[in-house]
**Q** 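Dumping the structure here so I can ask a few things about it.
Below, chains carry the letters A, B, ... as their sequence lines are ordered, and counting in each starts from 1. FYI, side chains are in, hydrogens and waters are out, and symmetry mates aren't considered; it's all heavy atoms of this structure.
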Amino acid sequence: MSDGEDDLPLSTRARVAIAGNESDSDDDVPLSARVPGATTGKRKNMSNRNRPAHKRKSSDTEDDNSSDDKPIGSLVDISDRKSTTAGGSAKKKTKRADHEPWRAKRGAKQMWSTLEHNGVVFPPPYQAHGIPLVYDGHDVKLLPHEEEVATFFAVMKDTDYAQKDIFVKNFFDGFKKTLRGGPHGFIKDFKKCDFTKIYMWNLQERERKKSVSAEEKRKVKAEQAAAEEKYCWATIDGRRERVGNYKVEPPGLFRGRGEHPKMGRVKKRIMPEDIIINIGKGAKVPEPLPGHKWKQIIHNNTVTWLCGWNDTINTKDWKYVQFGATSSIKAESDIQKYEKARKLKLAVDAIRRDYFKKMKSGSVLEQQLAVTTYLVDKLALRAGGEKDDDLADTVGVCTLRVGHIDFLPPSTIKFDFLGKDSIRYLQEHEVDPLVFHAMQRFCKGKKKDQDIFDHIDPTKVNKHLQTLMPGLTIKVFRTYNASYTLNKLLKETTPAGDSTVPMKKAAYDAANKEVAVLCNHQKGVSKAHDAQMEKLQDKKKIIEKEIAALRRDKKDTNKAKIRTLKERLSKLELQMKMKDELKSVSLGTSKINYMDPRITIAWCKHNDVPPPTVYTKALVEKFNWAMEVEPDFDF
DNA sequence: AGATAGACTTGGAATAATTTTA
DNA sequence: TAAAATTATTCCAAGTCTATCT
């Protein structure tokens, strides 16, 4: 940790448009692409994305919207669904007809003995507004379920999504499917569609909602809260605890991140027939919507979710209703997470010795294990699992390709790739010469689109890590790194005891920022940022002028005035500096997920800073389990 | 041995609420 | 006191990783 590499990187955020990649936007994966074993064998010798299509890993579920002729928004019939998946794809035979998670895994740990809850809240049914779509110059009044889809799109006119070809194409395919067979099937040309009337209606509607009196707003909100109250809670082993996402996701257009090939697809409305209820035996089963039935009722006490349904976009994914962040079940796993990271702190020296040894003398496989472990340790990179090609092309350490790095002799490596959520990782790091040369060897003779670490994957790295420390996986290094860094920085940089709470808070935020940069947690620069900075700049100039003026007529009485102005000036300058430095850094993610709250709370106690200074109300509740920590807690 | 279903954590954007500023 | 700026919360997408299947 002593290396000075942390201050090199100037991480820059950019949503990189991957030019020329829209070509493969067709969503029906040709059957011929599903060559059995296509991804086996030497699969990692070539990068996934740039591997010829027939060799790519690809989804083998009979996919989504495109193969489903039902009008969107219609009720999904489960018997039909089952048969589609089970019979539809010639080679997905077996009993596991549909992916249905009702069976407990064999040795799985029991998570509860009794579980009661009230199911989910459904979004309100669609209410037609009757505003027409203009097609080829003529008003077309759509049927409600058609209008619903048109409105999804119309209201997004101002977003970046609506400017993307893939998004528009996917939406329009879905829209046409909705219209197919109905009275408006003649709508086939996107260029002839004018959604402006619906768009304008929506603007008005927003205005109207805004102009409702505060009193009225409060009333409506309170009523809704009262109606939802019972869904917010579940009882597990007799404890009443908060539920997290008890609301069913409403239908809409899928908003994938980065260059997601499915962005703009219509997300269908989820009905009770889609939802599996997981609940204690003998507990009262919640009522589905009137006239509807749940897909299934199960009693699996080896998992902690309450309700679940298949995602309609990525059809093999599941959505779950889980307990909330303040629940004991989440607190317990949070504690385990940080305790594991603390164990890593004790084991890390041996791990470092091990990877340097393997880099020098091991087989290529061992060398790759060693180098990836080094990168995970020093740079806190993510694992990087193999991805289907119907997802955005993002990578982690195991999926890094030759084109993602540059060698800057003597021993600096420049990384430039898209990580989770298509956030760009652009950093230069000086690495150990052994690492530098090993990576040069791995890249030698390979093309830009080939994997650097062609002998390994996250499973293998994790297996290896577990030989060094029980339970150790790649992601633990991120937790460890983040918490370790916060712990260290707070010790070094917290101002002396007599300084003010805001000064201490500034030191905390600065440490938090270092952690965020380490983890590459970014946010989009606010659209108004530049204008805001200019405004502050103007303010600064005004103060400077005032000071200059006061100086010119040298009255004694001016001295005090100048002093206060100077104070204001330096405060403003600091504010400007922070604002600019943090414009693209997101502090929240590390606070919520990576930095052991006991470090923060101990620091608060030690420095007489009330926890709400650094934690929001929600975080104080989430980290309730850490509140009793000793003031001298050391990570 | 490799693929992947399943379940859980992590992540930025969007939206809502609150505070500050003009 | 309204608009602007800031901060908090909600939303749901996108990762990780294990157990199970083939």
**Q** Look at atom CG of A:Asp317 and say whether more than 12 heavy atoms of other residues, nucleotides or ligands are closer to it than 6.0 Å.
**A** yes
**Q** Supply the atom-to-atom distance A:Ile276 CD1 to A:Gln296 CD, rounded to the nearest 0.5 angstrom.
**A**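 If we round to the nearest 0.5 Å, A:Ile276:CD1 and A:Gln296:CD are 5.0 Å apart.
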**Q** What nucleotide, of C:dT6, B:dG6, C:dA14, holds the atom closest to the side chain of A:Gln575?
**A**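 Taking heavy atoms from C-beta onward, the closest nucleotide is C:dT6.
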**Q** Looking for any heavy atom pair under 4.0 Å, which part of the strands does A:Gln336 touch: base, sugar-phosphate only, or nothing?
**A** nothing
**Q** When only distance counts, do a donor and an acceptor, one from the side chain of A:Arg382 and one from the base of C:dG15, lie under 3.5 Å apart?
**A**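 No, the side chain and the base share no sub-3.5 Å donor-acceptor pair.
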**Q** On DNA chain C, does the nearest nucleotide to A:Lys579 precede the nearest nucleotide to A:Thr616 from the 5' side, or the other way round? Give the residue.
**A**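 Comparing both residues, the 5'-ward one is A:Lys579.
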**Q** Under 4.0 angstrom, heavy atoms only, what part of the nucleic acid is A:Lys535 near: base, sugar-phosphate, or nothing?
**A** sugar-phosphate
**Q** Just to be sure I understand the rule, does A:Lys420 reach a base, reach only the sugar-phosphate, or reach nothing, if contact means heavy atoms closer than 4.0 Å?
**A**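 Answer is base: heavy atoms of A:Lys420 come under 4.0 Å of a base.
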**Q** Side chain of A:His260 only, heavy atoms from C-beta on: which candidate in C:dA14, C:dT18, B:dA7 is closest?
**A** C:dA14
**Q** Classify the nucleic acid contact of A:Thr394 as base, sugar-phosphate or nothing, counting any heavy atom under 4.0 Å across all strands shown.
**A**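 Sugar-phosphate contact only - A:Thr394 comes under 4.0 Å of backbone atoms but never of a base.
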**Q** By nearest nucleotide on DNA chain B, pick out whichever of A:Lys337 and A:Thr459 is the more 5' one.
**A**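 This one resolves to A:Thr459.
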**Q** Could you tell me whether A:Asp334 and A:Lys337 make a salt bridge, using a distance below 4.0 angstrom between a side-chain N and a carboxylate O?
**A** yes
**Q** Remember a base hit wins even if backbone is also touched, and classify A:Leu619 as base, sugar-phosphate or nothing at under 4.0 Å, heavy atoms.
**A** nothing
**Q** Should the heavy atoms of other residues, nucleotides or ligands under 6.0 Å from NZ of A:Lys217 be counted, would the total exceed 12?
**A** yes
**Q** When the distance from CD of A:Gln296 to P of B:dG6 is rounded to whole Å, what number comes out?
**A**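 Answer to the nearest Å: 12 Å.
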**Q** Once you apply a heavy-atom cut-off of 4.0 Å, does A:Lys221 come out as touching a base, just sugar-phosphate, or nothing?
**A**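 A:Lys221: backbone/sugar contact only, no base atoms under 4.0 Å.
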**Q** Side chain of A:Phe254 only, heavy atoms from C-beta on: which candidate in B:dA7, C:dA13, C:dC11 is closest?
**A**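 Nearest to the side-chain atoms of A:Phe254, counting from C-beta on, is C:dA13.
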**Q** Of the options A:Asn278, A:Ile275, A:Val243, which is the one that meets A:Cys307 in a side chain to side chain contact (heavy atoms under 4.5 Å, CB included)?
**A**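 Per the side chain to side chain contact (heavy atoms under 4.5 Å, CB included) rule, the option paired with A:Cys307 is A:Ile275, out of A:Asn278, A:Ile275, A:Val243.
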**Q** Take atom CG of A:Asp388 and atom P of B:dA3, then tell me their distance rounded to the nearest Å.
**A**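 Rounded to whole Å, this separation is 12 Å.
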**Q** Among the nucleotides C:dC17, C:dA5, B:dG12, which one has an atom lying closest to any side-chain atom of A:Ser586?
**A** B:dG12
**Q** So, is the end of the A:Lys157 side chain (NZ or CZ) under 6.0 Å from the ring centre of A:Tyr199 and within 45° of the ring's axis?
**A**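 Checked: cation-pi criterion met.
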**Q** Hey, which sits more toward the 5' end of DNA chain C by its nearest nucleotide, A:Pro250 or A:Leu472?
**A** A:Pro250
**Q** Take the protein atom CD of A:Glu621 and the nucleotide atom P of C:dA8, then report the distance between them rounded to whole Å.
**A** 14 Å
**Q** Taking the minimum atom-to-atom distance to the side chain of A:Asp311, which one of C:dA13, C:dA14, C:dA8 wins?
**A** C:dA13
**Q** If you check every side-chain atom of A:Lys316, which of B:dA5, C:dC12, C:dT18 has the closest atom?
**A**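 My answer, after comparing the listed nucleotides, is B:dA5.
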**Q** To the nearest angstrom, how far is A:Ile329 atom CD1 from B:dT9 atom P?
**A** 9 Å
**Q** As a test of reading the structure: which of C:dG15, B:dT9, B:dG12 is closest to the side chain of A:His521, going by heavy atoms?
**A**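 Per side-chain heavy atoms of A:His521, the pick is B:dG12.
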**Q** Let me spell it out: for each of A:Thr159 and A:Thr304, pick the nucleotide of DNA chain B with the closest heavy atom. Which residue's pick is nearer the 5' end?
**A** A:Thr304
**Q** A:Ala618 side chain: which of B:dG12, C:dT6, C:dT9 is closest?
**A** C:dT9
**Q** Quick check: are there more than 12 heavy atoms from other residues, nucleotides or ligands sitting under 6.0 Å from NZ of A:Lys579?
**A** yes
**Q** Expressed as a whole number of angstroms, how long is the span from A:Lys209:NZ to B:dA16:C1'?
**A**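 So the NZ-C1' distance, A:Lys209 to B:dA16, works out to 14 Å.
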**Q** Identify which nucleotide among B:dC8, B:dG12, C:dT6 has an atom closest to any side-chain atom of A:Tyr320, counting heavy atoms from C-beta outward.
**A**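 Ranking B:dC8, B:dG12, C:dT6 by closest atom to the A:Tyr320 side chain puts B:dC8 first.
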**Q** Can you identify which nucleotide, out of C:dT18, C:dT9, C:dC12, has its nearest atom closest to the A:Lys267 side chain?
**A**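 Among the listed nucleotides, the one closest to the side chain of A:Lys267 is C:dC12.
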**Q** Take the protein atom CG of A:Asn245 and the nucleotide atom P of B:dT10, then report the distance between them rounded to whole Å.
**A** 16 Å
**Q** Expressed as a whole number of angstroms, how long is the span from A:Lys539:NZ to C:dA4:P?
**A** 15 Å
